[in-house]
Number of protein chains: 2
Amino acid sequence: LIQTEDLWKTYLMGSEEIHALRGVSLEIERNEYVAIMGPSGSGKSTLMNLIGCLDTPTRGSYWINGKLASELDDDQLAYLRNREIGFVFQTFNLLPRATALGNVELPLVYRGLPAAERREKAQDALRMVELADRMDHRPSELSGGERQRVAIARALVNSPSIVLADEPTGNLDSATGAEIMNLFNRLNREGNTLLVVTHERDVAACARRIIHIRDGMVERDERIR
Amino acid sequence: LIQTEDLWKTYLMGSEEIHALRGVSLEIERNEYVAIMGPSGSGKSTLMNLIGCLDTPTRGSYWINGKLASELDDDQLAYLRNREIGFVFQTFNLLPRATALGNVELPLVYRGLPAAERREKAQDALRMVELADRMDHRPSELSGGERQRVAIARALVNSPSIVLADEPTGNLDSATGAEIMNLFNRLNREGNTLLVVTHERDVAACARRIIHIRDGMVERDERIR
Ligand SMILES: Nc1ncnc2c1ncn2[C@@H]1O[C@H](COP(=O)(O)OP(=O)(O)OP(=O)(O)O)[C@@H](O)[C@H]1O
Ligand SMILES: Nc1ncnc2c1ncn2[C@@H]1O[C@H](COP(=O)(O)OP(=O)(O)OP(=O)(O)O)[C@@H](O)[C@H]1O
Ligand SMILES: [Mg+2]
Ligand SMILES: [Mg+2]
């Protein structure tokens with residue numbers, strides 16, 4: 001389903017080159033549940049952005065659903081990002097002037113759903129993360145963990161078959177975090193593919209495989225169940 | 001050192017009232033090391049903002065250093081926030097157009113230090129959180145955990161005697177998180193007072209006391225060493 005070959009991502013800072021990824025090759029099967037772990041700054045979010053088609057590599061190839069990502073046109077990329085991939089950002093990336101409901105409706109607006117249907121799907125998604133009573137709060141009127149859950153609801157509202165979650169429980173207490181993990185487990189049982197960056201052992205333990213990243217490279221690929 | 005009496009914080013959303021804090025009374029001694037835990041949305045950050053003099057309660061009283069916070073004038077409050085209290089925000093709150101170094105220098109600018117001394121102190125703080133090689137990166141050019149560490153460095157650069165940290169390791173891998181905990185342990189051994197909101201057991205275990213918050217109230221006050 002997802003295949004990367006020798007992916008490099010290099011940033012230029014003045015005369016300095018920063019190699020965030022240094023040749024990452026991996027394969028993820030349909031319906032796999034994979035955790036990604038590694039030190040701060042080791043390249044996990046950079047890798048997730050490439051896999052989610054939010055960024056392009058400096059070198060190397062990336063296939064998704066059998067197609068080379070670099071050869072997809074804008075419409076195909078837009079469809080992928082909107083309908084097939086759900087992305088939970090490490091720093092949430094919510095629109096500050098929209099409410100929780102408005103933020104979760106956004107992928108449905110891009111999909112062209114009519115207002116009544118959008119509202120209902122967005123409300124269902126917010127109920128799934130236990131934020132039914134916070135729908136009309138804007139991000140500044142929400143706690144850190146509530147904003148994180150709005151980001152999760154937004155990623156799932158279009159029922160994507162690939163869920164990419166970057167530290168989805170970093171701001172959640174253990175009980176709420178466990179509920180999110182139950183939700184992710186259920187999504188995986190229903191056939192979806194999950195890739196979760198995490199630094200928490202309990203979260204990684206839900207996955208079937210842990211890919212360890214260090215210094216922009218795969219250090220170890222560990223099957224845990 | 002810090003004493004709150006029946007603190008309430010109420011937000012008005014249209015006709016609805018949200019009681020983020022419902023009568024919190026607690027005392028924190030000088031040189032104590034206290035962890036605060038509780039479910040998402042239970043009022044932890046709200047409490048931290050009141051203790052850090054970044055916000056005022058709807059009801060109740062708050063004494064810091066024996067003085068009633070509501071009776072301090074603007075200069076006294078500014079001095080407190082700049083020199084006595086170091087605040088690590090749950091969502092970092094970095095200036096997007098300044099570099100890591102510029103962000104860490106900011107409290108020193110407000111203090112009025114000359115440029116050369118500011119630069120040196122800020123560089124030392126960034127070295128303490130292992131970001132010596134990321135000083136000229138802006139927040140958008142940093143990983144999530146690197147931004148979190150810049151926020152920690154900024155909170156500590158004026159050597160405050162009270163450190164308020166809201167989820168300081170939420171975006172850090174276990175090894176980097178442990179290094180930050182070593183840093184906090186050292187600050188406490190040197191006589192400083194630490195109040196750390198966390199959902200991680202290992203982080204709470206470094207403290208001497210855990211205050212459990214639920215629904216805007218203190219549920220339990222647990223001495224652990
Ligand atoms: N400006 C606001 N207007 C309305 N409600 C607010 C506002 N700010 C916070 N709240 C609500 O107050 C409650 C407490 O928020 P707070 O940020 O203190 O929670 P928290 O314990 O820090 O949560 P987390 O663990 O998720 O960070 C939340 O339910 C939140 O929705
Ligand atoms: N735009 C950029 N310009 C320069 N360097 C960058 C840029 N974006 C990221 N980096 C650097 O690339 C490296 C990898 O970043 P990335 O965000 O992938 O790390 P990460 O593994 O997700 O870290 P964390 O666990 O802290 O979130 C970091 O050291 C970061 O400083
Ligand atoms: Mg990251
Ligand atoms: Mg909070």
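First the proteins, then the strands, lettered A, B, ... as listed; each starts at 1. All of these numbers come straight from a predicted model, not from anything done at the bench.
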[X], part contacting chain A, at a heavy-atom distance under 4.5 Å:
X: I18(B); value: side chain
X: D136(B); value: both
X: E130(B); value: neither
X: E141(B); value: side chain
X: T169(B); value: backbone

Is atom [atom1] of [X] surrounded by more than 12 heavy atoms (other residues, nucleotides or ligands) closer than 6.0 Å?
X: R208(B); atom1: CZ; result: yes
X: E120(B); atom1: CD; result: no
X: R209(A); atom1: CZ; result: yes
X: R201(B); atom1: CZ; result: no
X: R81(A); atom1: CZ; result: yes
X: R97(A); atom1: CZ; result: no
X: R214(A); atom1: CZ; result: no

Heavy-atom side-chain contact between R134(A) and M13(B) under 4.5 Å: no
Side-chain heavy-atom pair R147(A), T91(B) within 4.5 angstrom cut-off: yes
To check you understand the geometry: which heavy-atom pair defines the closest contact between [X] and [Y], and what is its length?
X: E146(A); Y: G41(B); answer: OE2-CA, 3.7 Å
X: S40(B); Y: S143(A); answer: OG-OG, 3.7 Å
X: S174(B); Y: H199(A); answer: OG-O, 3.6 Å

Interface residue of largest heavy-atom contact number with chain A, from E200(B), E16(B), M37(B), under 4.5 Å: E200(B)
Options S42(A), G14(A), G144(A), ranked by heavy-atom pairs under 4.5 Å with chain B, top entry: G144(A)
Top contributor to chain B contacts, counting heavy-atom pairs under 4.5 Å, from V197(A), L172(A), T198(A), D133(A): L172(A)
Distance in Å, D173(B) CG paired with K44(A) NZ, rounded so as to fall on 0.5 Å steps: 6.0 Å
Side-chain donor-acceptor pair present, E167(B), N171(A), cut-off under 3.5 Å: no
